[in-house]
Amino acid sequence: MKRLLPALLLSLTVGCSLGFVYNHADWVALWQLDRYFDLTSTQKRFLDPRLTHILERHRAEALPKYRDVLARLHDALHDELTEEEVNWVFDAYVELRTDLFEFIVEDGAEFLASVDQRQLRYLARTFERGNAELADRLAVPQQARLAERASATIEWLEDWLGPLTAEQEQHVRAMSLALPDTLEAWLDYRQDRQRALLVLIRASAERGQPLRQPFREWLVYPEREAPAAYLAAREDMRREVTKMALEIDRMMTPRQRQHLLAELEALTGDLHDLTGTEERVTQSGASR
């Protein structure tokens, strides 16, 4: 993962340029849907223009909001972060995720109404294979899994901050190892969500019409029906990640902070290019 905000705000994990991935997001989405549903040619013809329209609308309406979030984050990182600012990042993610999913509801519900029994079985098998992979990960001894997560955290931080000192790396590793292990709760939650989607698709097929409101509830507000164990694990993780973020912010050197700000400026520049505006965030402060 080379950028924080594409994952945080765009739900895209990128190893190449943000512009390239974003401009091909409609193709990537169609490929992913085909992987889960084994699309028919009729469904592909239905989805192709609608995905393009969703992407165009997202570019016009959502990317400026991402740009504003980046600008505020850039301002916050000029000096020491506060707990309030970290909480704002979490809340901004939820708000932007909600906006993104709202774009999908109408066309998504109509597509699901076209899924037949063969595709429903195909989807269920795809879910089972993915869950089996997660179960295999869960079978790995916990300390090994946590150690792998810690190494990935260090690698990710060095993308954003530049090289860590030996002392910083040791401290980050210890903090990461102390974070809650949420994999089991996540797997249970994921399976619950998948079962709910399968039930929704079957009901839509039986009625012969899109079930927009149930699909909207499933897609846009997933936490409303989430198990208590999952919500508790997620809250524990958020609390501990907040502490970790504040500690990392306090131990950054001036050079590392400048590196981080430069990375944010580069990402902001990518977003400006995508939205067709020349406004930029500079190191002297965030433009509004």
(message) Do the side chains of E223 and R234 get close enough for a salt bridge, i.e. N-O under 4.0 angstrom?
(response) yes
(request) Look at the side chain of R193 and the backbone N and O of P222, then say whether any donor-acceptor pair between them is shorter than 3.5 Å. (result) no
(message) Strictly below 4.0 Å, N to O, side chains only: are R238 and D91 in salt-bridge contact?
(response) yes
(message) So S204 and Q209, do their side chains get closer than 4.5 Å, heavy atoms only?
(response) no
(request) Specify the closest pair of heavy atoms between L39 and Q119, including all atoms of both residues, with the distance to one decimal. (result) CA-NE2, 3.8 Å
(message) Minimum heavy-atom separation for R257 and D79, please, with both atom names.
(response) NH1-O, 3.3 Å
(request) Indicate yes or no: does K243 engage E240 in a salt bridge with an N to O separation below 4.0 Å. (result) yes
(request) For residues V69 and Y93, determine if any side-chain heavy atom of one lies less than 4.5 Å from a side-chain heavy atom of the other. (result) no
(request) Give a yes or no answer on whether the side chain of E206 reaches the backbone of A203 with a donor-acceptor pair at less than 3.5 Å. (result) no
(message) Please check this pair: side chain of R67 against backbone of H272, looking for a donor-acceptor N/O pair closer than 3.5 Å.
(response) no
(message) Applying salt bridge (Lys or Arg N to Asp or Glu O under 4.0 Å), can you list everything that pairs with E158, at least two apart in sequence or on another chain?
(response) none
(request) Please check if any side-chain donor atom of N131 sits under 3.5 Å from a side-chain acceptor atom of Q194, or the reverse. (result) yes
(message) Contact between P227 and D192 at the side-chain level, heavy atoms closer than 4.5 Å - yes or no?
(response) yes
(request) Report yes or no: is the cationic atom of R224 (NZ for Lys, CZ for Arg) closer than 6.0 Å to the six-membered ring centre of Y221, at no more than 45° off its axis? (result) yes
(request) Look at the side chain of R149 and the backbone N and O of S176, then say whether any donor-acceptor pair between them is shorter than 3.5 Å. (result) yes
(request) Would you confirm whether T182, through its side chain, and A185, through its main-chain N or O, come within 3.5 Å as a donor-acceptor pair? (result) no
(message) Which residues pass the salt bridge (Lys or Arg N to Asp or Glu O under 4.0 Å) test with R190, not counting sequence neighbours?
(response) none
(request) Work out which heavy atom in Y122 is nearest to a heavy atom in Y36; give both atom names and the distance. (result) CD2-O, 3.2 Å
(request) Indicate whether any N or O donor in one side chain lies under 3.5 Å from an N or O acceptor in the other, for R173 and T153. (result) no
(request) Ignoring hydrogens and angles, tell me if any N or O in the side chain of R50 forms a donor-acceptor pair with the backbone of F46 under 3.5 Å. (result) yes
(request) Decide, yes or no, whether a salt bridge links D68 with K65 under the criterion of side-chain N to carboxylate O below 4.0 Å. (result) no
(message) Donor-acceptor check, side chain of Q168 to backbone of M251, threshold 3.5 angstrom: yes or no?
(response) yes
(message) Between D181 and Q142, is there a side-chain donor-acceptor contact under 3.5 Å, judged purely by atom types and distance?
(response) yes
